[in-house]
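I have placed the structure first, in the form of structure tokens, so that the comments after it can refer back to it.
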Amino acid sequence: MLTIKQITENKEFVLERLAVKRFKNPELVDEIISLDNNRKKLQNQSEALLAELNKISKEIGILMKAGNAKEAEQAKKRNTEIKEESQKLSQELTLTEEKLNSFLVQLPNLPHISVPLGHTPEDNVEIRKGGQIPSLSESALPHWELAKNYDIIDFELGTKLTGAGFPVYKGKGAKIQRALINFFLEEATNAGYKEYMPPLMVNEDSGFGTGQLPDKEGQMYHVTLDNFYLIPTAEVPVTNIFRDVIVNASELPIKATAYTPCFRREAGSYGKDVRGLNRLHQFDKVEVVQIAHPAKSYEILEEMVKHVESLVKKLELPYRILRLCGGDMSFTSALTYDFEVYSAAQKRWLEVSSVSNFESFQANRLKLRYREESEKKPVLAHTLNGSALALPRILAAILENNQTNRGIRIPKVLVPFTGFEYID
RNA sequence: GGAGAGAUGGGUGAGUGGCUGAAACCAACGGUUUGCUAAACCGUCGUACUGUGCAAACGGUACCGGGGGUUCGAAUCCCCCUCUCUCCGCCA
């Protein structure tokens, strides 16, 4: 979330940026500012009373020790009155703070100046593209047909075991999943990311830290008995590793990676978007996360984009990189690049990665700070993350783009991990 | 799941009602000393909000796992919750 300071000190800028994100109730900004003024006023009054209360209490102690019971009794009486008044004030203060907080949490992150205007995916700006779109014969099949023919993914079986959107990978289909995971993790660790294997369920605090809670709990599976949430992305547990942490500036950037399954309810999705591997309730993903110095975070964002780009290149997939427009960005992001690969039989672009700089938006929720050598006060760090990469759509594109008479050709870089060159 | 013990600052750990935002030690940082290193000595050494001030700084309030209560006053007493440890049970 934004800090009060960001809002009060740059109100006009905040309003202008929120408009880019197409935020629908900018009145909140004014309400927040006036609530904050009110909060300060109440806090001052309340604390003045408490200071008085504390002072008298100390005096009572001294009087009692001196055996001056009568004066002590008088002082007690006085304190009881002050206490009543102070309780009223602090109640009011608490209410104000709660209201302020509930408003603050509703404001999305401010988009970076380079974010294009617009409100639909059509307004996203293509930054670059690469790879060759293969020319397939008319008889080329979409991946869900291929998966069936080669018996490598069983969607119906998943439906039997769990429900729609939970496929079962079989034989070489299962092996290629493992190969992709290993390939992505190797690439990430070679690029300096430290590998983690985090829990797949998180508590409420973690959900809040990265911005899924309180408003987006509908996206996550909720284990009500224990009040845990299945993670929708490794971003949640990995970023929360650094919740309530103060690091030295010299330790930045911190680079972390993790492979995890991801669970998403995807309520409301339907139609051809969800065919086959296009949209699942459970899928596998390798995520990269960085904790950065604010002065370096955009440089680091580019570095992360380069890393993800190198992955799709090595997999020989046709891709394009989009800079998301204000209206298509997530609540928490300041700047996002989406990666899409072309799935040649479906003849459509599929999103396989989203790389974002959250600036201090998550860090403020996480209380994730760094301290400069010479400075006393800790400062909010910047957090970034990106998929590197999400498996199902990558697999969809590999299956469709690489279909040949001999079978599905496995990209060269993956062969050492799969141990076979063709799915046949 | 049953029984018991515990949770204090970066770490160890003292503190059972007032003068404790918290001893002491260690770590860290700054300095003195030193040919260098080490040792020794001196100093600094939590976070948030907030007030005065250009600032440096100096005040106020809150925080001793979390929440509530008792009291003029709570790290200290009471209740609830969470977590950790030990023993038993169960178990990949």
Side-chain angles (χ1 to χ4, degrees), chain A residues 1-9 32-105 197 199-209 213-214 223-229 237 240-252 254 261 360 363-381:
Chain A
M1 67 189 161
L2 302 175
T3 62
I4 283 280
K5 274 210 177 105
Q6 270 176 297
I7 296 166
T8 53
E9 287 171 10
I32 284 168
I33 292 173
S34 91
L35 276 172
D36 185 49
N37 286 333
N38 205 236
R39 189 205 103 235
K40 279 186 200 170
K41 206 179 77 199
L42 287 169
Q43 184 177 330
N44 286 339
Q45 291 172 356
S46 162
E47 285 183 356
L49 282 180
L50 284 175
E52 177 77 5
L53 203 70
N54 288 342
K55 203 178 113 216
I56 294 176
S57 290
K58 264 182 197 165
E59 284 165 7
I60 291 171
I62 294 163
L63 287 171
M64 304 266 276
K65 229 166 229 173
N68 199 338
K70 208 162 131 203
E71 271 189 52
E73 275 314 308
Q74 273 176 352
K76 277 191 200 181
K77 214 174 265 175
R78 200 144 37 97
N79 247 5
T80 312
E81 286 163 27
I82 296 174
K83 208 170 128 184
E84 239 171 81
E85 207 179 327
S86 120
Q87 271 170 352
K88 248 185 268 170
L89 267 177
S90 66
Q91 246 173 37
E92 209 180 325
L93 177 61
T94 308
L95 283 174
T96 308
E97 279 172 340
E98 279 170 4
K99 196 167 173 192
L100 176 60
N101 219 5
S102 76
F103 283 3
L104 214 45
V105 157
M197 196 179 266
L200 305 182
M201 288 193 260
V202 293
N203 57 28
E204 256 178 306
D205 286 346
S206 297
F208 177 81
L213 297 176
V223 181
T224 51
L225 205 54
D226 297 287
N227 201 21
F228 293 151
Y229 292 87
N240 271 283
I241 291 171
F242 306 97
R243 171 154 48 87
D244 293 318
V245 166
I246 300 175
V247 298
N248 289 329
S250 59
E251 296 170 56
L252 299 173
I254 297 169
S360 59
N364 187 31
R365 291 173 158 236
L366 293 159
K367 301 278 164 281
L368 163 52
R369 291 164 293 174
Y370 71 94
R371 200 194 307 267
E372 214 79 61
E373 298 297 325
S374 51
E375 300 291 327
K376 269 198 198 156
K377 275 209 150 246
V379 181
L380 291 175

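In what follows, chains are A, B, ... by sequence order, proteins preceding strands, each numbered from 1. Since we're looking at a predicted model, the values are computed, not measured.
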Requested in this report: With side chain to side chain contact (heavy atoms under 4.5 Å, CB included) as the test, would you mind laying out the steps for A:E97 and A:L100 before giving the verdict?
Outcome: CA-CA 5 Å; A:E97 279 172 340; A:L100 176 60; 5.5 Å; no
Query raised in the report: If you measure from the P atom in B:rG31 to the same atom in B:rG15, how many Å do you get, rounded?
Result: 37 Å
Query - B:rA24 to B:rG13 separation - C1' atoms, rounded to the nearest Å - result: 8 Å
Report summary line: Checking N1-N3 plus N6-O4 or O6-N4 for Watson-Crick, or N1-O2 and O6-N3 for wobble, each under 3.5 Å, the partner of B:rA57 is B:rU52
Query raised in the report: Considering only the P atoms, how many Å lie between B:rG68 and B:rG10, rounded to the nearest integer?
Result: 23 Å
**Report entry** Span that lies between the P atom of B:rU37 and that of B:rU32, in whole angstrom
**Finding:** 13 Å
Requested in this report: Sticking with atom P, work out how far B:rG21 lies from B:rA75, rounded to a whole angstrom.
Outcome: 8 Å
Requested in this report: With a 3.5 angstrom cut-off on both distances, give the Watson-Crick or G-U wobble partner of B:rA40, or none if there isn't one.
Outcome: B:rU32
Query - Side-chain N,O (A:R371) to OP1/OP2 (B:rU47) below 4.0 Å - result: yes
Query raised in the report: How close or far is atom C1' of B:rA48 from atom CZ of A:R365, stated in whole angstroms?
Result: 18 Å
Query raised in the report: Is there a Watson-Crick or G-U wobble partner for B:rC45 with both distances under 3.5 Å, and which nucleotide is it?
Result: none
Report task. Find the distance A:N248:CG to B:rG10:P and express it as a whole number of Å. Result -> 13 Å
Report task. Nearest whole angstrom, please: distance from the P of B:rC49 to the CG of A:N37. Result -> 16 Å
Query raised in the report: Whole-Å distance between B:rU47 C1' and A:D244 CG?
Result: 11 Å
Query - B:rC83: pairing nucleotide in any strand, Watson-Crick or G-U under 3.5 angstrom - result: B:rG6
Query raised in the report: Does A:A363 offer a backbone N or O that forms a donor-acceptor pair with the side chain of A:S360 under 3.5 Å?
Result: no
Requested in this report: With the side chain counted from C-beta on, respond yes when A:L252 and A:I254 share a heavy-atom pair under 4.5 Å apart, and no when they do not.
Outcome: yes
Report summary line: As its Watson-Crick or G-U partner within any shown strand, both distances under 3.5 Å, B:rG21 has none
**Report entry** Note, A:F103 side chain near A:K99 side chain (heavy atom, < 4.5 Å)
**Finding:** yes
Report task. Give a yes-or-no answer on whether the side chains of A:N203 and A:S206 include a donor-acceptor pair shorter than 3.5 Å. Result -> yes
Query raised in the report: Between atom CD of A:E59 and atom CG of A:N54, what is the distance when rounded to the nearest 0.5 Å?
Result: 11.0 Å
Report task. Go ahead and name the base partner of B:rG1; Watson-Crick or wobble counts if both distances stay under 3.5 Å, otherwise write none. Result -> B:rC88
**Report entry** B:rU33 and B:rU20, which share atom name C1', separated by this distance in whole Å
**Finding:** 36 Å
Report task. Hunt down the Watson-Crick or G-U wobble partner of B:rA75, both distances under 3.5 Å, from any strand shown, or write none. Result -> none
Query raised in the report: What is the distance from CG of A:L104 to P of B:rC49, rounded to the nearest Å?
Result: 12 Å
Report summary line: The contact string for nucleotides 50-73 of chain B, one letter per nucleotide 5' to 3', using protein heavy atoms under 4.0 Å with B, S and - for base, sugar-phosphate only and none, comes out as SS--------BBS---------BS
Query raised in the report: C1' atom, B:rA7 versus B:rA92: distance in rounded Å?
Result: 30 Å
**Report entry** Note: A:E73-A:K76 ion pair, threshold 4.0 Å (strictly below)
**Finding:** yes
**Report entry** Side-chain N,O (A:R369) to OP1/OP2 (B:rA48) below 4.0 Å
**Finding:** yes
Requested in this report: Quote, to the nearest angstrom, the C1' distance that separates B:rG4 from B:rC63.
Outcome: 30 Å
**Report entry** OG1 on A:T3 to CD on A:E9, rounded to 0.5 Å
**Finding:** 8.0 Å
